[in-house]
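What follows is a short report on a single structure.
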Amino acid sequence: MRRGLVQLLAGHRIDGVDWRGSKLRGLGGQPLGQMEGQRVVGVRRHGKFLLVDLSDGLWLVHLGMTGKLLFAEPGEPERKHTHLVLDLDDGRQLRFSDPRRFGTLKLYGKDQAAAVPDLAHFGPDALARSFTPAVLGAELATSRSPLKSFLLDQTRLAGVGNIYACEALWRARLSPRRAANTTPAGKVKPLHAAIRAVLRESIAAGGTSFNDYVDHIGQPGKFLLELAVYDREGKPCPRCGATIKRIQQAGRSTFHCPRCQR
DNA sequence: ATGATCTCCTGAGCGC
DNA sequence: TGCGCTCAGGAGATCA
């Protein structure tokens with residue numbers, strides 16, 4: 001999403017803001033109407049948050065589970081649950097829709113742009129240079145959580161969701177039930193590599209589109225085809241052939257191979 | 001302090 | 001066709 005947005009949004013001015021006043025999960029900061037007249041300078045990402053840098057502030061976006069940001073022409077029919085429409089200086093629109101309304105939209109002024117409050121307690125981005133095997137190892141040592149829950153904890157590292165947590169643990173041959181602080185020393189590097197490989201490959205494939213995710217131009221992702229365990233309960237493990245199991249952890253589904261993940 | 005559970009929503013898919 | 005149920009890319013609040 002970031003890559004698509006920076007390509008099609010950077011340098012453009014926001015000429016109009018149509019905020020429908022929906023109750024979203026995460027709202028706050030300045031009124032979104034104050035984006036009007038500002039120019040988009042760039043788009044960054046930390047974990048699952050998009051940070052749209054504006055000429056006079058920062059627009060923070062989280063898509064939650066069902067949020068979508070889509071470019072459209074003014075006449076195009078609108079998706080249901082459209083909450084925000086931005087008019088751009090070249091006539092296009094950028095529309096935010098989100099059926100479940102778990103998304104976050106916040107506008108911050110220049111003063112807060114350097115230190116976004118929402119990210120203050122977040123760990124390093126999983127793909128950042130600063131997230132090294134040593135950092136992962138140190139975090140693992142301080143947690144008794146099951147590895148699966150550990151990977152979902154954005155305060156430890158940011159950017160890994162339910163699908164990629166399952167996939168990374170499968171690649172590293174680690175059981176999702178293993179307590180984080182019992183991870184063998186020799187497994188820290190493989191887990192670190194697995195997390196980053198899964199994320200990189202999925203980004204290259206345009207995301208996963210498990211349900212209805214589409215990117216900024218309405219394209220679904222293709223990483224679904226590369227999933228080894230997620231949503232594959234009862235199917236054979238691509239590595240050892242054992243039957244993939246589904247369990248519940250912290251209220252979320254975990255998929256794993258009970259034979260080759262230890 | 002830490003980890004598990006609840007909660008905010010709509011929609012899709014299933015069995016009946 | 002429709003009803004009731006379960007489940008879904010997240011994460012802050014609350015409970016134990």
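Labels below follow one simple rule: chain letters A, B, ... track the order of the sequence lines, proteins then strands, and each chain is numbered from 1.
For A:Q154, the listed nucleotide lying nearest its side chain is C:dA11; candidates were C:dA8, B:dA4, C:dA11. Side chain of A:R156, nearest nucleotide from B:dG3, C:dG12, C:dA11: B:dG3. The listed nucleotides are C:dG10, C:dG9, B:dA4; the one nearest the side chain of A:K48 is C:dG10.
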- Query: Given A:R156 and A:T142, is the side-chain hydrogen bond (donor to acceptor under 3.5 Å, both in side chains) satisfied, shown in steps?
  - Reply: CA-CA 10 Å; A:R156 299 194 179 268; A:T142 66; 3.1 Å; yes
Between A:L27 and A:W19, is the side chain to side chain contact (heavy atoms under 4.5 Å, CB included) condition met? List the steps.
CA-CA 12 Å; A:L27 277 177; A:W19 166 242; 3.9 Å; yes
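A:H62 places its NE2 atom 13 Å from the P atom of C:dG9, with the value rounded to the nearest Å. Atom CD of A:Q248 and atom P of B:dA4 are 13 Å apart (whole Å). What separates CG of A:L151 from C1' of B:dG3 is a distance of 15 Å, to the nearest Å. Rounded to a whole Å, the CZ atom of A:R246 is 13 Å from the P atom of C:dT6. Whole-Å rounding puts the A:R252 CZ to B:dG3 P distance at 17 Å. Atom CD of A:E233 and atom C1' of C:dA8 are 15 Å apart (whole Å). A:L60 has its CG atom 16 Å from the P atom of C:dG10, to the nearest Å. Rounded to whole Å, atom P of C:dA8 lies 9 Å from atom CE of A:M65.
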Going 5' to 3' through nucleotides 5-13 of chain B and flagging B where a protein heavy-atom sits under 4.0 Å of the base, S where only the sugar-phosphate is that close, and - otherwise, we get B-BBBBS--
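No close placement of the A:F102 and A:H62 rings is indicated, their centers lying 6.0 Å or farther apart.
The side chain of A:S253 contributes an N or O atom lying less than 4.0 Å from OP1 or OP2 of C:dA8. Between A:S145 and B:dG3 there is a side-chain N or O to OP1 or OP2 distance below 4.0 Å.
Under the side chain to side chain contact (heavy atoms under 4.5 Å, CB included) test applied with A:R92, the options A:L94, A:D89, A:L88 reduce to a single match, A:L88. Residue A:T254 is tested with A:S175, A:S149, A:P146, A:P176 for a side chain to side chain contact (heavy atoms under 4.5 Å, CB included); the sole match is A:P176.
The pairing partner recorded for C:dG9 is none, the criterion being a Watson-Crick or G-U wobble arrangement whose two distances lie under 3.5 angstrom.
Along DNA chain C, the nucleotide closest to A:T66 and the one closest to A:T155 are compared, and the more 5′ of them pairs with A:T66.
Side chains of A:R100 and A:T66: a donor-acceptor N/O pair is absent below 3.5 angstrom, by distance only.
Interatomic distance, A:L140 CG to A:L151 CG, rounded to the nearest 0.5 Å: 8.0 Å. One distance of note links CD of A:Q93 with CD of A:E78; it measures 7.5 Å at 0.5 Å rounding.
Nucleotide C:dG12 carries an anti base; the chi torsion (O4'-C1'-N9-C4 or O4'-C1'-N1-C2) is more than 90° from 0.
A:T104 comes within 4.0 angstrom of no nucleic acid atom, judged by non-hydrogen atoms across all strands.
Taking atom C1' in both B:dA12 and C:dA11, the straight-line distance is 23 Å, to the nearest Å.
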